[in-house]
**Q** 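One structure is given below, represented as structure tokens, and several questions about it will come after.
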Amino acid sequence: MTAVPRLLDGSRSRVCRPRPSTPLKRNPWGFCGSGWLHSIRRQPAGFPERVRMRPLSPCISISATPSTSTSMVHFPWSPPPRIWARNVATCWANIGAVSTSPAAKPVQKVLLLDFIPSPPFGLAQLYPCESSAVILKRLMLRVRFAPSPTGYLHIGSARTFIFNWLYARRNGGTMILRIDDTDVERNTQESLDSIYEGLQWLDLSWDEFYRQSERGELHRKAAESIFAKGLAYRDFRTFTFEDLDLSKVDVHAKFNPEMREMPKVESDLRAAAGEPFVLRFRVPRESRTDVTFQDMVYGPQSKATADIEDFALLRSSGVPTYHMASCADDADLRISHIIRGQDHLTNTFKHVLIFEALGVTPPNFAHLPLLIAPDGSKLSKRKHGPVVSVTTYRDAGFLPQAFVNFVCLLGWSPKDNREVLSRQELIDAFSLEGINHSNATVNFTEQDPFDPKAVWLNSQHIRAVPVEQLAEQLLPFAAEAGFAADRAKMLQVTPLIHERIQLLRDVKTWADIFFLDPLPPYDSAELIPQKGDAAMAATVLARARQVLGTAEFSHDALDAALRAAAAELKIKTGQMFQPIRVAVCGRKVAPPLFETLEVLGREITLKRIDQALQMLPAPLRTEN
RNA sequence: GGCGCUAUCGUCUAACGGUUAGGACGGAGCCCUCUCAAGGCUCAAAUACGGGUUCGAUUCCCGUUAGCGCUACCA
């Protein structure tokens with residue numbers, strides 16, 4: 001009970017401005033009631049229409065007028081329970097960055113003890129051991145994925161999204177997608193499209209959307225406020241990245257004493273004269289010896305202020321740097337947990353300083369071990385090409401759930417020896433404690449672009465897909481392979497290849513025999529059975545032709561008839577079946593024979609046997 | 001160069017300071033079987049190195065080595 005007001009007392013800075021709330025026209029979850037939809041997912045312009053039309057999937061939404069005493073809250077984790085709660089709307093408006101209803105009054109003392117559940121959906125049912133304070137904390141949990149659109153979505157960034165997403169979904173928090181597109185020159189629309197495309201394929205949702213380029217004003221204001229507090233200074237020197245020799249340069253050389261200690265009058269004068277400058281953070285070195293924070297994965301971290309250079313906040317063009325923009329946004333959006341790649345671990349010391357300068361308590365940090373290539377280098381599109389792109393996996397016929405499964409196992413483990421996990425199982429099992437500290441290698445080669453474990457996981461997930469659904473998913477890959485496949489035919493074929501394919505594109509190599517006519521040419525030597533000769537092959541096929549001319553084309557009937565024929569010819573079943581298989585499939589490796597014949601039908605079967613017979617010398621009369 | 005992070009089979013990983021160091025993928029072999037796949041069984045395969053602390057170290061501490069990251073008016 002004491003913890004809650006502390007969370008609500010407004011100790012965090014309120015840089016954000018209220019956004020207008022949207023009147024609720026149609027409640028996507030089917031419960032009625034007039035009121036306001038407090039969580040709106042803003043859609044970027046040029047957003048793919050299909051995604052745009054999907055129902056909102058906000059993490060929490062409250063529908064009620066804040067003035068009424070009863071509100072309804074929707075929790076997104078499944079199964080979605082509905083909980084009656086009181087005063088949550090005002091409470092949320094007060095604490096959240098999502099939106100502020102004009103009618104919402106700041107209520108300091110909103111206790112979630114007011115969060116009185118009424119039957120049949122009691123909080124006790126949901127969280128038998130948890131207090132309201134814990135639940136409030138869950139509601140306030142906000143994570144973000146902040147890619148910069150400078151290339152396609154690759155496997156590493158997808159993993160970062162997924163870990164954020166799992167954490168939000170596991171704990172009932174809010175997932176935010178923020179495009180960090182401040183570097184105008186390097187950003188491309190294609191890259192943005194690729195990110196959407198990848199996330200859409202993976203069926204990963206987010207609850208709020210922002211574009212950093214639209215929030216420049218906020219970032220600049222934040223930088224100004226730091227400058228106003230005397231925590232930053234103007235640096236009028238100019239040098240380029242090329243001037244720097246990283247192997248020799250010493251941070252101490254970048255303290256810029258002459259700029260750092262420049263009298264304010266002089267600085268103001270030169271700025272007023274229009275001299276360009278970079279705004280640098282004045283890292284406090286006198287008042288403290290080190291910067292510390294607690295990383296939820298790597299544990300306590302600390303670094304001497306003497307080893308942190310006076311980094312830039314604003315470029316000479318006035319455009320905020322990444323550090324500035326990112327922190328200003330994280331503060332404004334009330335990000336509670338920053339989950340990102342370990343390459344930002346050392347940057348975090350700077351970020352902590354920025355948050356403090358902004359007067360904000362730094363969020364929680366969790367850094368993820370990096371994904372690296374087999375040669376130990378960081379995954380990069382330039383060096384490793386499309387093998388690291390998410391769309392490459394999609395186009396090869398990975399199932400999104402298998403991809404997510406695979407990627408989660410890189411640097412994280414449920415610790416109970418489970419490997420094949422459904423999306424829901426991942427959500428249930430996910431925790432930051434399970435993340436380990438060392439980089440993980442994605443095992444790919446030139447010849448084989450996919451990690452064998454990813455392929456195996458995919459085959460496992462394929463086997464879990466119902467036949468009808470799999471057939472449907474196979475259709476585009478069949479079309480890609482040039483097969484004239486329709487639904488009905490595919491439905492017949494799918495069971496035969498279901499547990500033989502590892503990637504959806506394998507339909508091309510396994511199912512061709514059902515769609516191609518005539519068969520691609522093959523070597524007639526293939527027709528000769530083990531321990532047999534061409535004569536035996538010819539005999540077998542001639543006999544098979546007779547039998548199949550009359551037999552009923554069902555599995556059991558074919559089984560009985562062909563086994564009987566083998567016994568009659570006094571040869572092994574294998575010797576009997578193999579020539580038939582090759583005649584019908586054009587190769588030795590194929591789905592089981594009787595099922596195959598059944599699907600192919602009498603006409604095609606006989607035609608293919610005839611063709612095979614023509615490739616062989618005339619059958620010998622072996623009857624007597 | 002400085003600073004930070006990391007180190008278990010080929011790869012992904014498990015192991016309150018006490019295990020014959022476990023599992024999975026991949027590899028090899030056997031069984032099953034109309035080929036393939038699946039399934040069953042078996043095998044090979046790891047605590048980077050050197051010092052401590054401890055009755056006992058994969059685990060804690062120090063050093064070495066190696067890898068990665070940051071060190072930009074990139075993100």
Side-chain angles (χ1 to χ4, degrees), chain A residues 146-150 180-183 185-187 212 235 238-252 254 276-280 295 298 301-304 306-309 311-323 325-326 341-350 367 369-370 372 374 376-378 406 409-420 436-443 451-457 459 463 496-502 510 530 559 562-563 566 572-578 580-582 585 587-594:
Chain A
S148 75
T150 54
D180 280 10
D181 55 354
T182 46
D183 187 8
E185 284 120 60
R186 288 171 55 200
N187 295 157
Q212 240 180 14
D235 182 350
T238 53
F239 67 93
T240 61
F241 181 47
E242 285 68 37
D243 297 341
L244 242 73
D245 184 353
L246 287 180
S247 64
K248 291 211 181 71
V249 78
D250 185 350
V251 268
H252 297 274
K254 289 196 284 172
F277 62 87
V278 171
L279 191 70
R280 288 188 183 279
D295 190 278
Y298 286 89
Q301 302 290 314
S302 96
K303 185 164 181 166
D307 291 323
I308 305 173
E309 73 281 2
F311 52 94
L313 259 23
L314 248 34
R315 302 183 180 96
S316 51
S317 59
V319 177
T321 61
Y322 159 74
H323 300 300
S326 175
Q342 195 240 58
D343 47 346
H344 284 295
L345 191 62
T346 36
N347 283 334
T348 306
F349 297 104
K350 299 174 191 170
H367 288 90
L370 261 25
I372 57 176
S377 66
K378 198 174 151 182
F406 170 65
L409 259 21
L410 261 18
W412 174 80
S413 148
K415 298 199 189 292
D416 55 7
N417 278 346
R418 282 185 299 165
E419 308 257 33
V420 184
N436 59 17
H437 299 182
S438 49
N439 294 346
T441 308
V442 184
N443 221 348
D451 192 309
K453 194 150 189 173
V455 174
W456 175 78
L457 276 170
S459 73
R463 292 165 72 181
L496 305 197
I497 62 172
H498 199 153
E499 60 177 32
R500 271 165 257 271
I501 57 173
Q502 296 191 295
W510 275 99
Q530 279 281 305
D559 189 327
L562 290 173
R563 275 181 204 282
K572 290 184 179 175
T573 48
Q575 292 176 310
M576 179 77 200
F577 299 155
Q578 193 69 340
I580 305 174
R581 171 176 296 110
V582 174
C585 303
R587 68 175 105 90
K588 285 177 177 165
V589 176
L593 187 58
F594 310 130

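Just so it is clear, the model here is predicted, and its values are computed rather than measured. Naming: A, B, ... by sequence-line order, numbering from 1 per chain.
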**Q** rC25(B) and rU64(B): how far apart are their P atoms, nearest whole angstrom?
**A** 40 Å
**Q** Is the distance from OP1 or OP2 of rG23(B) to the nearest side-chain N or O of Arg418(A) less than 4.0 Å?
**A** no
**Q** Nearest to the Trp456(A) side chain among rA75(B), rG23(B), rA24(B), which nucleotide is it?
**A** rA24(B)
**Q** Counting any heavy atom closer than 4.0 Å, what does Gly411(A) reach on the DNA or RNA strands: base, sugar-phosphate only, or nothing?
**A** sugar-phosphate
**Q** Can you check each nucleotide of nucleotides 58-70 of chain B against protein heavy atoms at under 4.0 Å and return B for base, S for sugar-phosphate only, - for none, in 5' to 3' order?
**A** ----------SBS
**Q** What nucleic acid atoms does Pro369(A) come within less than 4.0 Å of, heavy atoms only: base, sugar-phosphate, or nothing?
**A** nothing
**Q** Check for a donor-acceptor pair, side chain of Arg500(A) on one end and backbone N or O of Leu496(A) on the other, with a separation under 3.5 Å.
**A** yes
**Q** Quantified in whole Å, what is the C1' atom distance between nucleotide rU65(B) and nucleotide rU11(B)?
**A** 23 Å
**Q** Looking only at side-chain atoms of Leu410(A), point me to the closest of rG2(B), rC36(B), rC12(B).
**A** rC12(B)
**Q** Output the single nucleotide from rA37(B), rC12(B), rA75(B) whose closest atom is nearest the side chain of Arg500(A).
**A** rA37(B)
**Q** So, the side chain of Gln578(A) versus the backbone of Gln575(A): is there a donor-acceptor pair under 3.5 Å, distance only?
**A** no
**Q** Do Lys415(A) and rA14(B) share a donor-acceptor pair, side chain to base, under 3.5 Å?
**A** no
**Q** Please pick, from rG23(B), rC12(B), rC25(B), the nucleotide with the shortest atom-to-atom distance to any side-chain atom of Leu409(A).
**A** rC12(B)
**Q** Is the shortest side-chain N to carboxylate O distance from Glu309(A) to Arg280(A) below 4.0 Å?
**A** no
**Q** Taking the P atom in each of rC62(B) and rU6(B), what is the distance between them to the nearest angstrom?
**A** 12 Å
**Q** Between rC12(B), rC73(B), rA75(B), which nucleotide has the shortest distance from any of its atoms to the side chain of Lys453(A)?
**A** rC12(B)
**Q** Hey, is the side chain of Arg280(A) poking within less than 4.0 Å of OP1 or OP2 on rC73(B), counting only N and O atoms?
**A** yes
**Q** Sub-3.5 Å donor-acceptor pair from the side chain of Thr321(A) to the main-chain atoms of Ala312(A), do we have one?
**A** yes
**Q** Taking for each residue the nucleotide of RNA chain B with the nearest heavy atom, is it Pro591(A) or Pro320(A) whose nucleotide lies nearer the 5' end?
**A** Pro591(A)
**Q** Determine whether the side chains of Asp181(A) and Gln212(A) contain a donor N or O and an acceptor N or O closer than 3.5 Å.
**A** no
**Q** Check the distance between rC34(B)'s P and Phe577(A)'s CZ and give it to me in whole angstrom.
**A** 7 Å
**Q** Contact class for Ser316(A) (heavy atom, under 4.0 Å): base, sugar-phosphate, or nothing?
**A** base
**Q** Starting from P on rA37(B), measure out to CD on Glu499(A) and report it in whole angstrom.
**A** 11 Å
**Q** For rC60(B) and rC73(B), measure between their P atoms and round to the nearest Å.
**A** 38 Å
**Q** Suppose we screen for side chain to side chain donor-acceptor pair (under 3.5 Å). Which residues come up paired with Gln502(A), at least two apart in sequence or across chains?
**A** none
**Q** Taking atom types as they are modelled, would you say the side chain of Gln301(A) forms a donor-acceptor pair with the base of rG4(B) within the 3.5 Å cutoff?
**A** no
**Q** Reckon Pro592(A) touches a base, only the sugar-phosphate, or nothing at all at heavy-atom distances under 4.0 Å?
**A** base
**Q** For Ala312(A), report the nucleic acid contact type (base, sugar-phosphate, nothing); a contact means any heavy atom under 4.0 Å.
**A** sugar-phosphate
**Q** Whom does rC43(B) pair with, Watson-Crick or G-U wobble, provided both distances fall under 3.5 Å?
**A** rG27(B)
**Q** For the ring pair Phe577(A) and Phe594(A), is the centre-to-centre distance below 6.0 Å?
**A** yes
**Q** For His367(A), does its backbone N or O pair with a side-chain atom of Tyr298(A) as donor and acceptor, under 3.5 Å?
**A** no
**Q** Please report the distance separating the P of rC9(B) from the corresponding atom of rG23(B), rounded so that it comes out in whole Å.
**A** 16 Å
**Q** Map Ser317(A) and Lys588(A) onto RNA chain B by nearest heavy atom, then report which one ends up closer to the 5' terminus.
**A** Lys588(A)
**Q** Could you check which of rU35(B), rU13(B), rA24(B) has an atom nearest any side-chain atom of Asn436(A)?
**A** rU13(B)
**Q** When rounded to the nearest Å, what value does the distance between P atoms of rA7(B) and rC16(B) take?
**A** 15 Å
**Q** Looking only at the side chain of Arg463(A) (C-beta and beyond, no hydrogens), which of the listed nucleotides rA75(B), rG23(B), rG39(B) gets closest?
**A** rG39(B)
**Q** Atom CZ of Arg581(A) and atom P of rA37(B): how far apart are they, to the nearest Å?
**A** 12 Å
**Q** Sticking with atom P, work out how far rA66(B) lies from rC49(B), rounded to a whole angstrom.
**A** 15 Å
**Q** Rounded to the nearest 0.5 Å, what separation is found between the CZ atom of Phe311(A) and the NE2 atom of His323(A)?
**A** 7.0 Å
**Q** So what does Gln578(A) touch, heavy atoms closer than 4.0 Å: a base, only the sugar-phosphate, or nothing?
**A** sugar-phosphate
**Q** Should rC60(B) form a Watson-Crick or G-U wobble pair with both distances under 3.5 Å, which nucleotide is its partner?
**A** rG52(B)
**Q** Starting at OH of Tyr322(A) and ending at C1' of rU71(B), how long is that distance when rounded to a whole Å?
**A** 15 Å
**Q** With a cut-off of less than 4.0 Å, is there a side-chain N or O of His437(A) near OP1 or OP2 of rU6(B)?
**A** yes
**Q** Using purine N1 to pyrimidine N3 plus N6-O4 or O6-N4 for Watson-Crick, or N1-O2 and O6-N3 for G-U wobble, each under 3.5 Å, what pairs with rC3(B)?
**A** rG69(B)
**Q** So, is Ser459(A) close to the rA37(B) phosphate, meaning a side-chain N or O under 4.0 Å from OP1 or OP2?
**A** no
**Q** For Lys453(A), is there an ion pair with Asp451(A) - N to carboxylate O distance below 4.0 angstrom?
**A** no
**Q** Are the aromatic rings of Phe349(A) and His344(A) close, with centres under 6.0 Å apart?
**A** no
**Q** Which part of the nucleic acid, if any, lies within reach of Phe406(A) when heavy atoms closer than 4.0 Å are counted: base, sugar-phosphate only, or nothing?
**A** nothing
**Q** Applying a 3.5 Å limit to both distances, which nucleotide forms a Watson-Crick or G-U wobble pair with rC9(B)?
**A** none
**Q** Identify the nucleotide, in any strand shown, that forms a Watson-Crick or G-U wobble pair with rU19(B), with both distances under 3.5 Å; if there is none, say none.
**A** none
**Q** Mind checking the P distance from rA57(B) to rU19(B)? Whole angstroms is fine.
**A** 10 Å
